[in-house]
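Working notes, structure below.
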Amino acid sequence: MTLDRSVLAFAGIMVLLSVVLTVWVSPLFVWLTVFVGLNLVQSAFTGFCPAAAVFKVLGVKPGRAF
C-alpha cells in the first residue's frame, strides 16, 4: 500500500470511528470529525499532511501525492 492510500484509509477510519464515538459515547466526539475534515482540506491546499509524515517515518513507500 502506498503512502497516499494509507493516508486516505487512515482518514476514513478516523471519520468512521469519530461517528461511532459520537453516537455511542459522547456528542463531543463530533469535534474529532471536524478536526479530520479540516486537516484534509488544509492538506489539499498546502500539500502537508501530518499523518503522511508519520507514515513516511514508519517506512510506507511513497505515492504520487505525498
Side-chain angles (χ1 to χ4, degrees):
M1 186 179 285
T2 65
L3 187 58
D4 303 339
R5 290 180 184 239
S6 297
V7 168
L8 291 174
F10 180 70
I13 289 168
M14 292 304 295
V15 167
L16 292 174
L17 176 66
S18 67
V19 169
V20 168
L21 290 171
T22 299
V23 170
W24 283 306
V25 177
S26 170
L28 294 175
F29 276 105
V30 74
W31 290 107
L32 179 58
T33 309
V34 172
F35 173 74
V36 172
L38 288 173
N39 198 2
L40 286 168
V41 171
Q42 75 83 25
S43 174
F45 286 105
T46 66
F48 173 73
C49 178
V54 171
F55 284 132
K56 199 177 292 186
V57 169
L58 293 175
V60 177
K61 64 182 176 180
R64 293 181 181 204
F66 297 108

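The residues of the chain are indexed from 1 along the displayed sequence. Here the structure is a predicted model, which is why all the values come from computation and not from measurement.
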Residues 36-43, side-chain donor-acceptor partners within the protein, below 3.5 Å, at least two apart:
| residue | atom | partner | partner atom | Å |
| --- | --- | --- | --- | --- |
| Asn39 | OD1 | Gln42 | NE2 | 2.9 |
| Gln42 | OE1 | Thr46 | OG1 | 3.0 |
| Gln42 | NE2 | Phe48 | O | 2.9 |

_Just to verify, what does Ser6 make a side-chain hydrogen bond (donor to acceptor under 3.5 Å, both in side chains) with, not counting sequence neighbours?_
none
*Listed once per pair and sorted, the side chain to side chain donor-acceptor pair (under 3.5 Å) pairs that draw on residues 12-22, sequence neighbours left out*: Ser18-Thr33
*Taking only residues two or more places apart in sequence or in another chain, which ones pass side-chain contact (heavy atoms from CB on, under 4.5 Å) with Leu21?*
Leu17, Val25, Phe29
*Path from Leu8 to Val15 over hydrophobic side-chain contacts below 4.5 Å*: no
Table please: side-chain donor-acceptor pairs of residues 50-66 below 3.5 Å, with sequence neighbours left out.
none

